[in-house]
Protein chains: 2
Amino acid sequence: MTMTYPRLDRDGTEPLWMQLMRALRATIESGEFGADRPLPSEAELTDMFGVSRTVVREALRELVQQGLIYKIKGRGAFVSPRKTELNFIGSMSGSADDLRESGRRVTTQTIRQSLGEADEREAALLRIPPGEQVVRLRRLRRVDGQPWLLVDTALPARLVPGLERAVLENQSLYDLLRRRYGIEPAAADRWIEAAFPNREDAALLEVSTSTPLLGIESVAWMPDDTRFEAYYALHRSDQTRFYVGIR
Amino acid sequence: MTMTYPRLDRDGTEPLWMQLMRALRATIESGEFGADRPLPSEAELTDMFGVSRTVVREALRELVQQGLIYKIKGRGAFVSPRKTELNFIGSMSGSADDLRESGRRVTTQTIRQSLGEADEREAALLRIPPGEQVVRLRRLRRVDGQPWLLVDTALPARLVPGLERAVLENQSLYDLLRRRYGIEPAAADRWIEAAFPNREDAALLEVSTSTPLLGIESVAWMPDDTRFEAYYALHRSDQTRFYVGIR
DNA sequence: TGGGCAGACCTGTCATGACAGGACGGCGAT
DNA sequence: ATCGCCGTCCTGTCATGACAGGTCTGCCCA
C-alpha cells in the first residue's frame with residue numbers, strides 16, 4: 001500500500017469527512033486504482049488519517065452515494081467500474097455546470113448572459129415574486145466538439161450581484177457561486193421528460209426539430225432552503241444516455 | 001404532539017433505524033403532517049422510541065435521501081411538500097414495480113411472463129453467460145386508467161424459481177422477491193434516453209410512433225453484488241414527468 | 001418600541017466503544 | 001484432495017458522550 005495523502009486540516013471549516021472524501025476521490029479519479037480494486041479498510045483509513053471510524057464511514061458513505069465505490073459486508077470497499085456515462089441528473093456535483101470530465105473534452109459556450117425579470121415559471125421555482133430581478137444564462141455544452149446540452153439558467157440577482165457581467169467561458173458556475181458568493185448547494189429537485197426542440201434550440205444542438213431530446217427542469221437550494229438556481233436543459237441523449245446511480 | 005407509533009422490534013433482523021424510518025414514513029404518508037410541518041426533534045424521537053440518537057439520525061438521513069423530509073441546522077426536520085410526480089428513477093423503492101401511489105389509481109397488467117434464454121444485452125447487464133435461463137416479464141402500468149409505463153424485465157431464473165408461473169397482477173414485484181426469494185435490493189444503475197416506441201409498444205401505450213418517450217434501462221443488485229433484475233422501460237412523460245430528488 | 005444579548009434548543013461533527021454477522025483463509029481430520 | 005471448523009478481518013448496527021455553530025425566543029435596556 002503505497003498511497004500518500006494530504007494531511008487533513010483540523011483547524012479549517014471544512015469537515016474532516018469531506019476532506020477525506022475528496023482525498024480518496026482524487027486518488028480514485030487519478031486512475032491509481034483499477035475497477036474492483038479494494039480500498040484500505042476502515043480501520044486502516046482511521047490509522048492513516050488519524051481520524052475516527054465515524055469520519056471514515058461518512059466519507060465512504062458519500063463515495064458510495066456518488067457511485068465511485070461499492071461496499072460489501074465482510075469484504076471491504078472497492079472501486080466501482082468506471083462509468084462511461086456522466087452522472088448529470090442524479091448528483092449535485094453533476095449539475096449543468098459542474099460536469100465531471102471522463103476523459104472527454106468538455107467546453108461551454110455562453111450564448112446569452114443578462115439581467116431580466118422573473119417570469120411566472122422562474123418565480124415559482126425560485127420562490128420569488130414574479131418580476132424580481134434574475135440573472136439569466138444560456139449556455140451550450142459540447143463534449144468532444146459535439147453539442148450535447150443546452151441550458152437556460154436563472155438565478156436571483158440579489159444573490160449573485162454582478163454575475164451578468166462575469167466571464168463564464170469554460171468555467172464551473174458552481175465553483176464561481178461558491179467562491180464569489182458563498183453559495184453552497186445542499187439539494188435539488190429535478191424533473192425529466194422527453195421533448196422536441198424548437199427551431200432555434202435544434203439549430204444550436206445540431207439536430208432536427210423532430211429529434212426526441214431529454215428535457216430536464218431543475219431547482220437547487222442552499223442549506224437554509226433558499227432557492228439559488230433554476231434551469232431548463234435540453235440534452236441530446238442520442239449521443240450519451242444519462243446515468244443515475246441508486247445507492 | 002399526539003402521534004402514536006408502533007414499538008420497534010429489538011429481537012428481529014430488521015435494523016432499528018429501518019423500522020423507525022418506516023414508522024415515520026408511514027406517518028408522513030398518512031397525511032397526518034402537512035407540508036413544511038416540523039417533525040419531532042432528534043432528542044424527542046430518541047425518547048419516544050427508546051433508541052440512540054445514532055439510530056434516529058440514520059432513519060432521518062434516509063428520509064431526507066428519499067425526499068420525504070428536509071432538515072435545517074438549528075431548526076429541525078420538516079415534511080417536504082408533497083411531490084405530485086413519482087420518484088421512479090432516483091429511488092430504489094421507486095422501481096418499476098414498487099411505484100408509490102400518490103392518491104392515484106395505479107394498476108399493473110402482465111402482458112407476458114415466461115422463461116427464456118438471456119440474450120447478449122440481458123447477459124451483460126445481469127453478469128450471466130448468454131443463454132442462461134431468465135424469467136422475462138412484460139408489464140403495463142396504468143395510472144388512473146391511462147397507460148403510463150411499459151416495462152420489460154429479466155431476472156436470472158436460478159434466483160427466482162417458479163416466478164414465471166406466479167400471479168403478478170397488481171402485485172409489487174419487489175415485495176414478492178423479498179418475501180418469496182429473500183432478495184434484498186441494495187443499489188441500481190439506471191440510464192435514461194429519449195426514444196420513439198415501435199408499433200407494438202406504441203399501441204400498448206396508446207401513443208403514436210412519433211411520440212417521444214423516456215427510455216429507462218436499469219440493473220439492480222443485492223448487497224453481495226449479485227445482479228437480480230434488469231429492465232427496459234418506456235414511459236409516457238407527456239402525462240407525468242419523472243422526478244429526481246438530489247439530497 | 002426596537003435592538004441586543006443570553007439561554008435554550010436544534011442539527012452537524014467527531015470520538016470511543018461494543019457487539020453482530022458476513023467473508024475468507026488456514027489448519028486439521030477424513 | 002476435500003470438507004468443516006475456527007480464528008481473524010471486515011462492514012453494519014448501536015450506544016454514549018462531547019462540542020460547534022445555527023436558530024429562536026424572551027428579557028432587559030435604551
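Nothing here was measured: the structure is a model prediction, and the numbers come from that model. Letters A, B, ... are given to chains in the order of the sequence lines, protein chains preceding strands, and every chain is numbered from 1.
A sub-4.0 Å separation between OP1 or OP2 of D/dG21 and a side-chain N or O of B/Lys73 is absent. The side chain of B/Arg10 contributes an N or O atom lying less than 4.0 Å from OP1 or OP2 of D/dA15. Residue A/Arg57 places none of its side-chain N or O atoms closer than 4.0 Å to OP1 or OP2 of D/dT11. Within the 4.0 Å cut-off from OP1 or OP2 of C/dC14, not a single side-chain nitrogen or oxygen of A/Thr54 is found.
A/Arg61 comes within 4.0 angstrom of nothing in the nucleic acid, heavy atoms only. Counting any heavy atom pair closer than 4.0 Å across all strands shown, A/Ser41 reaches sugar-phosphate atoms only and no base atom. A/Leu16 comes within 4.0 angstrom of sugar-phosphate atoms only, judged by non-hydrogen atoms across all strands, and of no base.
Rounding to whole angstrom units, CG of residue A/Leu39 and C1' of D/dC9 are separated by 16 Å. Following rounding to the nearest Å, A/Leu45 (CG) and D/dC10 (P) show an atom-to-atom distance of 11 Å. With rounding to whole Å, B/Glu62 atom CD is found 14 Å from D/dG12 atom P. Atom CZ of A/Phe78 and atom C1' of D/dC9 are 12 Å apart (whole Å). D/dG21 atom C1' lies 15 Å from atom CD1 of B/Ile72, rounded to whole Å. Atom CD in A/Glu42 sits roughly 6 Å away from atom P in D/dG12 (whole-Å rounding). As rounded to whole Å, 8 Å separates atom P of C/dC14 from atom CD of A/Gln19. Across the protein-nucleic acid pair, B/Leu8 atom CG and D/dT13 atom C1' stand 14 Å apart, rounded to whole Å.
Closest to the side chain of A/Lys71, from the set D/dA15, D/dG12, C/dT13, is D/dG12. Each of D/dC14, C/dG12, D/dT11 was ranked by its minimum atom distance to the side chain of B/Trp17; first place goes to D/dC14. Comparing atom distances between the B/Arg75 side chain and each of D/dT11, D/dT23, D/dC14 picks out D/dT23 as nearest.
Counting only heavy atoms from C-beta outward, the side chains of B/Leu163 and B/Leu168 approach each other to under 4.5 Å.
Remark: the backbone N or O of B/Asp119 is paired with a side-chain donor or acceptor of B/Glu122 at under 3.5 angstrom.
Counting heavy-atom neighbours within 6.0 Å of B/Glu117 CD, excluding the residue itself, gives a total of 12 or less. Other residues, nucleotides and ligands contribute over 12 non-hydrogen atoms within 6.0 Å of the CD atom of A/Glu132.
In the model, A/Arg139 has no side-chain atom that pairs as donor or acceptor with a side-chain atom of A/Thr108 under 3.5 Å.
Nearer to the 5' terminus of DNA chain C, by closest-nucleotide assignment, is the contact made by B/Gly76 (compared with the other of A/Gly74 and B/Gly76).
Between the side chain of B/Arg53 and the base of D/dG17, no donor-acceptor pair under 3.5 Å is found.
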